[in-house]
S.K.: 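Got a structure here, written out as structure tokens. Questions coming.
A, B, ... follow the sequence lines: proteins, then strands. Residue 1 opens every chain.
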There are 2 protein chains.
Amino acid sequence: MPTLWNGASQSQFRLESMSTSLHHRAIENLGTRIITGELPTGHIMLAEHLEEELQVSRSVVREAVRVLQSLGLVETTKRVGIRVLPPSRWNPFDSQVIRWRLSSDARGAQLRSLIELRSAVEPAAAELAANNAPAQLRRELVDIAHALRDAGHSGDAQKFLELDIAFHSVLLSGSGNEMFANLMGQVAETLTGRTVHGLMPDHPHEGALQWHVDLAEAVAAGDAATARAASEQIMRRTTSRLSGTWTDQPRVFLPVRRS
Amino acid sequence: MPTLWNGASQSQFRLESMSTSLHHRAIENLGTRIITGELPTGHIMLAEHLEEELQVSRSVVREAVRVLQSLGLVETTKRVGIRVLPPSRWNPFDSQVIRWRLSSDARGAQLRSLIELRSAVEPAAAELAANNAPAQLRRELVDIAHALRDAGHSGDAQKFLELDIAFHSVLLSGSGNEMFANLMGQVAETLTGRTVHGLMPDHPHEGALQWHVDLAEAVAAGDAATARAASEQIMRRTTSRLSGTWTDQPRVFLPVRRS
DNA sequence: GAGTTTTGATGTCTGCACACATCGGTGTCA
DNA sequence: TGACACCGATGTGTGCAGACATCAAAACTC
């Protein structure tokens, strides 16, 4: 009886929590289940079946499926149904997909991918920022670096996290490359995830704090080479500190898709 | 009179070509117009208005708007309508967004972003591939590099393009990082765009051909440092060859979004 | 100016017609 | 008799139309 959504009821409670639109919850539900593997590759669903399973109407299901389709999670075929696509078809840069993967078994693999991407991008961003960033962003970066060092010394974990995110955000924005700047959100996820999961030491590494200051001052001075070097130092340390979380994750070598 | 879509008719012909679904064409239409700026930031549309403008039904409009919403191009607000979001909210990694930008005035800026991203990522991918790629991919890479050199010498532009795409695809796949591997599609866009727009010389640079071979053989030998160095050479040259196309494009320094 | 009502847009539900890929039966030919 | 091509039935996504629910902006009242 697909009636109104009336708070706490229904034993087959599939659309968790409230305060978001129905189609959004449907996306969340299906996306999560696909990425955790509960709905495996090749699994076929029928729109009609989803209606009663999720207790929503056709329009909600259809809009949700459209979005999942644009994320590469499913494809629709007439006379067949809605087919779950293999992970190689998922859009690994979509922030929803990243979020879902971070809260699945593939968390380690997703973290590794993100760290590798950051390790490649941040030094380049540092270089670009040193060459191109507007004066105000350079000043801001220096201020944040100093505040970050202070917070590290005083052991204020919450403030340290905020400043850490701000630092890398400003750096990436300062590159003047909108793709780099957009990684900010993902970086924030990894950083917050790190503290939440207790991977941060009580007092951050003294060298790392100094490298942040060095990086900021190199950017301010327009010294691209030094900025890159400092960024590489930071990323090397970050990588080595986190690499323990994905030692058991096998690498996946995607097939070369020729369309 | 929103009746069936009957081929060539309608003077206000907005949904171009056929053979794709209506909602897909609606996405294409709106996405293009938003990114070219024909529908500027803050512009407000009404679903009802879109229905008659595109000559499609409510459900088609709604599904298209949902997808555009997930791409960060629009937001919907009750009592207001469908609002076009500023470029800083667009998902710059989505392949549709990239494609739309490549065929807009911002083409130069998009190319620069992609090249900068490639320049950061490919050397890292080369390093990872040298350390982790399975034997078969290494062999394949060497074969392609040699074929690429031959094609370069013989001046077969079409074959050269195919092999060039294949080379970078295999390299990125060989990194074992699904985000790197996924850049493949975007790389293909830039490479094809380059030949189509007549930016390729008749005979590719001899040094570049050799660097591809060096890179492949370093990966095959597991020599990460050499592989990275060769990749950096290639990207430096690619950058310098293409930088002319975006000299006039201003860099955009996105605001740091703190949610 | 604070609280209340009205209004107008999206959100959701439903029934229907159509397009079309798949499957199975039928007919043809060797 | 068996293999193969054809063709229509079937079932599913796609698209359409209209209704009601919801909720936030805007207008209104006090």
Side-chain angles (χ1 to χ4, degrees), chain A residues 1-7 9-10 14-15 17-30 39 42-85, chain B residues 1-7 9-10 13-30 39 42-70 73-85:
Chain A
M1 226 153 292
T3 64
L4 194 54
W5 181 256
N6 48 1
S9 61
Q10 307 288 348
R14 308 247 40 148
L15 262 41
S17 88
M18 42 186 256
S19 85
T20 48
S21 60
L22 281 182
H23 91 269
H24 187 271
R25 276 180 279 171
I27 291 172
E28 206 67 24
N29 179 309
L30 293 174
L39 300 173
H43 180 76
I44 287 179
M45 301 165 293
L46 271 45
E48 189 186 4
H49 177 233
L50 288 178
E51 286 178 40
E52 49 184 76
E53 184 187 352
L54 304 178
Q55 294 287 299
V56 293
S57 71
R58 269 210 311 292
S59 52
V60 173
V61 169
R62 287 173 52 167
E63 288 166 24
V65 168
R66 283 275 177 271
V67 172
L68 295 174
Q69 193 177 26
S70 85
L71 299 181
L73 265 60
V74 302
E75 71 180 358
T76 60
T77 317
K78 277 181 181 169
R79 169 76 197 195
V80 174
I82 301 153
R83 196 195 328 260
V84 176
L85 292 175
Chain B
M1 228 147 292
T3 63
L4 196 53
W5 184 254
N6 47 2
S9 62
Q10 306 291 347
F13 193 95
R14 309 245 40 147
L15 263 40
E16 52 272 2
S17 86
M18 41 186 259
S19 84
T20 48
S21 60
L22 277 184
H23 92 270
H24 188 271
R25 277 179 279 172
I27 291 172
E28 205 68 24
N29 179 309
L30 292 174
L39 299 173
H43 179 76
I44 287 181
M45 303 165 291
L46 271 44
E48 190 186 5
H49 177 233
L50 288 179
E51 286 180 43
E52 49 185 76
E53 183 188 353
L54 304 179
Q55 294 288 300
V56 294
S57 73
R58 183 93 181 269
S59 49
V60 173
V61 169
R62 290 182 51 76
E63 288 165 25
V65 167
R66 284 275 175 271
V67 172
L68 295 174
Q69 194 176 28
S70 84
L73 265 60
V74 301
E75 71 180 358
T76 60
T77 315
K78 276 183 175 167
R79 171 79 194 195
V80 175
I82 301 154
R83 196 196 327 262
V84 176
L85 291 175

S.K.: Rounded off to whole Å, could you give me the CZ-to-P distance for the B:Arg58 and C:dT12 pair?
M.R.: 11 Å
S.K.: Would a distance-only check, ignoring hydrogens and angles, find a side-chain to backbone donor-acceptor pair under 3.5 Å from A:Glu52 to A:His49?
M.R.: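 Not confirmed, A:Glu52 side chain does not pair with A:His49 backbone.
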S.K.: To the nearest 10 degrees, how far apart in direction are the end axes of the helix from C:dG1-D:dC30 to C:dA30-D:dT1, each fit to five base pairs?
M.R.: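 For the helix from C:dG1-D:dC30 to C:dA30-D:dT1, the axes at either end differ by 0°.
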S.K.: Among C:dT14, C:dT10, D:dG15, which nucleotide sits nearest the side chain of A:Ser59?
M.R.: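 For the A:Ser59 side chain, the nearest candidate turns out to be C:dT14.
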S.K.: It should be established whether B:Ser57 places a side-chain nitrogen or oxygen under 4.0 Å from OP1 or OP2 of nucleotide D:dG15.
M.R.: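 So the side-chain polar atoms of B:Ser57 never come under 4.0 Å of the phosphate oxygens OP1 or OP2 of D:dG15.
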S.K.: Taking all atoms of both residues into account, what is the closest heavy-atom pair of B:Val61 and B:Ala47, and its distance?
M.R.: CG1-O, 4.1 Å
S.K.: When the distance from CG of A:Leu46 to P of D:dT10 is rounded to whole Å, what number comes out?
M.R.: 18 Å
S.K.: Has the side chain of B:Glu63 got a donor or acceptor atom that lies under 3.5 Å from a matching backbone atom of B:Val60?
M.R.: no
S.K.: Rounded to whole Å, how long is the line connecting atom CD of A:Glu48 with atom P of C:dC13?
M.R.: 15 Å
S.K.: Considering every strand and a 4.0 Å limit on heavy-atom distances, what is the contact class for A:Arg66: base, sugar-phosphate, or nothing?
M.R.: sugar-phosphate
S.K.: Calculate the interatomic distance between B:Glu63 atom CD and C:dC13 atom P; express it in whole Å.
M.R.: 14 Å
S.K.: Run the salt bridge (charged side-chain N to carboxylate O under 4.0 Å, His left out) test against B:Arg58 and tell me which residues pass, sequence neighbours left out.
M.R.: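 Listed in chain order: nothing, the list is empty.
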S.K.: Using atom NE2 of B:His49 as one end and atom P of C:dG8 as the other, report the distance to the nearest whole Å.
M.R.: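 One finds 18 Å between P of C:dG8 and NE2 of B:His49, rounded.
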S.K.: Could you give the CG-to-P distance, from A:Leu22 to D:dT22, as a whole number of Å?
M.R.: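 Checked: the CG to P distance equals 11 Å.
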S.K.: Rounded to the Å, how far apart are A:Leu54 CG and C:dC13 C1'?
M.R.: 15 Å
S.K.: Tell me which residues in residues 69-80 of chain A lie within less than 4.0 Å of DNA chain D, going by non-hydrogen atoms.
M.R.: A:Thr76, A:Thr77, A:Lys78, A:Arg79
S.K.: Assign each of A:His23 and B:Gly81 to its nearest nucleotide of DNA chain C by heavy atoms, then name whichever residue's nucleotide is nearer the 5' end.
M.R.: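 With A:His23 and B:Gly81 compared, the 5'-side residue is B:Gly81.
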